[in-house]
Amino acid sequence: MNRNIQQEAADLLLDAGVSLPLLRIPIVGKTLRVTMRRPTLGGIIRITRLVQSLGVTAKQMETFTDDERRRFLLNHGHTLARIIALTICRGYLSGILLAPVLTKMILWWMPYEYIWQAQIVFIAYLSEVKGFLPIISLVEQINPLKPTLSQKRKRS
């Protein structure tokens, strides 16, 4: 898969998301689509727990054969659909109330090829999240609890 890293990074920064077809309505000739977006911090924590329960990385998922892919979807399909639902329902209440319903809709209506590709792309994005590392190192250097030079030290 040939990836355009700059375009993907720009889309993530702009929170453009990834649009997926959920259900094709033949009478109208339209397709109902949902958009996976970058989750909030609470959502990232919930999704990371689910990804860790899978026991594979995005690079390992890319190398699966068709038979391994089908077996993995059979064993972990509900978890994959739950991850997609949590990226669509990003809020706290919507994650609790709407994500289980959306998980069932994804399992029933979304083609498995889209579920599979969405997982590979999203798990790769999630594993490359390093946005807080500079902030953490800066806070470690500037310790707010350490007295500054202008403050007098307390004598015991």
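No single ILVMFWY cluster, assembled from side-chain heavy atoms under 4.5 Å apart, contains both L97 and V34. Criterion: ILVMFWY side-chain heavy atoms under 4.5 Å apart, direct or through other members. Under it, I83 and F72 are part of a common hydrophobic cluster. I106 and L98 fall into different hydrophobic clusters, defined by Ile, Leu, Val, Met, Phe, Trp and Tyr side-chain heavy atoms under 4.5 Å apart, directly or through other members. Clustering ILVMFWY residues whenever any of their side-chain heavy atoms sit less than 4.5 angstrom apart, transitively, puts Y92 in a cluster other than the one holding L50. I88 is not connected to I96 by any chain of hydrophobic side-chain contacts under 4.5 Å among Ile, Leu, Val, Met, Phe, Trp and Tyr, and they are in different clusters.
To the nearest 0.5 Å, atoms CD1 (I45) and CG (L86) are separated by 12.5 Å. K30 contributes atom NZ, which lies 14.0 Å from atom CG of L23 (distance to the nearest 0.5 angstrom). The structure places CE of M61 at 5.5 Å from CG of L80, a figure rounded to the nearest 0.5 Å. Between atom OG1 of residue T40 and atom CZ of residue R90 there is a gap of 7.5 Å, rounded to the nearest 0.5 Å. With rounding to the nearest 0.5 angstrom, the CG atom of L22 is 11.0 Å from the OG1 atom of T35. How far CG of L20 is from CD1 of I115: 9.0 Å, rounded to the nearest 0.5 Å.
Looking at every heavy atom in both residues, G77 comes nearest to L107 through O-CD2, 3.6 Å. Summarising the geometry of P100 relative to G95, their closest heavy-atom pair is CD-O, 4.0 Å, with the distance given to 0.1 Å. Taking each heavy atom of M36 and A118 in turn, the nearest pair found is SD-CB, 3.7 Å. For the pair C89 and L102, the tightest heavy-atom approach, listed with the atom from each and the gap, is SG-CD2, 3.8 Å.
Residue R33 qualifies as enclosed at atom CZ: its count of foreign heavy atoms under 6.0 Å is above 12. Summarising the local packing, OH of Y114 is surrounded by 12 or fewer heavy atoms from other residues, nucleotides or ligands at distances under 6.0 Å.
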From CA spacing to verdict: side-chain contact (heavy atoms from CB on, under 4.5 Å), H76, R71: CA-CA 9 Å; H76 301 288; R71 195 174 316 115; over 6 Å; no

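Annotation: side chain of V56 is in contact with side chain of F64 (closest heavy-atom distance under 4.5 Å).
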